[in-house]
Engineer: 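Quick one: this structure, given as structure tokens, is what I'll be asking you about.
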Amino acid sequence: MTVKQYLLDRIAKGTAHVALIDPDKQPASKAGEMAKHMKEAGTDAIFIGGSTGVTEQNMSETAIAIREASGLPVIIFPGSADAISDDVDALLFMSMMNSTDLKMVMGSQVYAAPYIKKLGIETIPMGYVIVEPGMKVGEVGKANLVKRDDIKSAIAYALACEMLGMDLLYLEAGSGADKPVPPEMIRAVKDSISIPLIIGGGIRTPEAAKAAREAGADIIVTGTLIEQCDDLSKLTAVVKAAKGN
Ligand code: 1GP
């Protein structure tokens, strides 16, 4: 089964949870332990990636450790075209739709495509839209951030992603954001498109995870929480709130 199909099957049963692990933030063995922990907490898959400091080597070592420790699907959430490994199950082939840097919109994708083809990695086309505050990814990606109250623009980006044939849309407030994407924006975007909607950035509590799920998120991503907390009961509470079980 493809990873895309795995995710679609998971989403068909309700909101899914994905843990984001940045290979630059800890040794690979620690990343493996974190992924194992998250599997116990109920997470459905692991994204690996980060905005800075990710290399082919730390990506590859981290992916191997996570796969061995957790058995969960490992999906590259790329920050650049130069840190790609085939020790993974799939790669989000994404375009930062609201970047002002053509490289983030389509340049890196063209650069990396022949190499990805050679490696034979499953690619999942995804539109990536950065909402305020945007944090590091908004800065590195030179994003023209969608304002928190600009629901019209969020919908326009979402529709463009769907019309371009993207399989997924990711609305991102930025890792470590003080506030996640507003529920009203999630609801309005969800009601406008039929492709699955991923929400991430600033979700660290069961309340925030529940709000995103109830607003219509198909996949909820948490990263910072996993780096900062190793209390299984707290992690499980957030994953449960994200999945509604
Ligand atoms: C970043 O949306 C993810 O791409 C995760 O954000 O680190 O705030 O959970 P957090």
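Note that ligands are numbered from 1 as they come in the structure, with each ligand's atoms numbered from 1 the same way.
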Engineer: Just verifying a value: how many Å separate Ile193 CD1 and Met163 CE, rounded to the nearest 0.5 Å?
Structural biologist: 11.0 Å

Engineer: For ligand 1, which atoms sit closer than 4.0 Å to a heavy atom of Thr224?
Structural biologist: 7 (O), 8 (O), 9 (O), 10 (P)

Engineer: Compute the shortest N/O to N/O distance between Ala177 and ligand 1 and return yes if it is under 3.5 Å, no if not.
Structural biologist: no

Engineer: Is Gly176 close to ligand 1, meaning an N/O of one under 3.5 Å from an N/O of the other?
Structural biologist: yes

Engineer: With a 3.5 Å distance limit and no angle check, can you tell me whether Gln109 reaches the backbone of Met94 through a side-chain donor-acceptor pair?
Structural biologist: yes

Engineer: Does the side chain of Asp82 come under 3.5 Å of the side chain of Tyr111 through a donor N or O and an acceptor N or O?
Structural biologist: yes

Engineer: Distance under 4.0 Å to a non-hydrogen atom of Gly200: what atoms of ligand 1 satisfy this?
Structural biologist: 2 (O)

Engineer: Keeping Ser99 on the side-chain end and Gly141 on the backbone end, is there a donor-acceptor pair under 3.5 Å?
Structural biologist: yes

Engineer: To which protein heavy atom is atom 3 (C) of ligand 1 closest, and what is the distance rounded to 0.1 Å?
Structural biologist: Tyr170 OH, 3.3 Å

Engineer: For ligand 1, which atoms have a heavy atom of Glu172 less than 4.0 angstrom away?
Structural biologist: 1 (C), 2 (O), 3 (C), 4 (O)

Engineer: If we ignore angles and hydrogens, is there a donor and acceptor under 3.5 Å between the side chains of Asp231 and Ser233?
Structural biologist: yes

Engineer: Below the 3.5 angstrom mark, is there an N/O of Gly201, backbone or side chain, next to an N/O of ligand 1?
Structural biologist: yes

Engineer: Mind listing the closest non-hydrogen atom pair of Leu20 and Ile226 along with its distance?
Structural biologist: N-CD1, 4.1 Å

Engineer: In Å, rounded to the nearest 0.5 Å, how long is the span from CD1 of Ile124 to CE of Met166?
Structural biologist: 13.0 Å

Engineer: What's the shortest heavy-atom distance between Ala31 and Ile21, and which atoms?
Structural biologist: O-CD1, 3.8 Å

Engineer: Measure the distances from the heavy atoms of Phe77 to every atom of ligand 1 and state whether one is below 4.0 angstrom.
Structural biologist: yes

Engineer: Could you tell me whether some N/O pair between Thr222 and ligand 1 is separated by less than 3.5 angstrom?
Structural biologist: no

Engineer: Could you identify the single nearest non-hydrogen protein atom to atom 9 (O) of ligand 1 and state the distance to 0.1 Å?
Structural biologist: Gly223 N, 2.8 Å

Engineer: With nothing but distance in play, are any N or O atoms of Leu225 less than 3.5 Å from an N or O of ligand 1?
Structural biologist: no

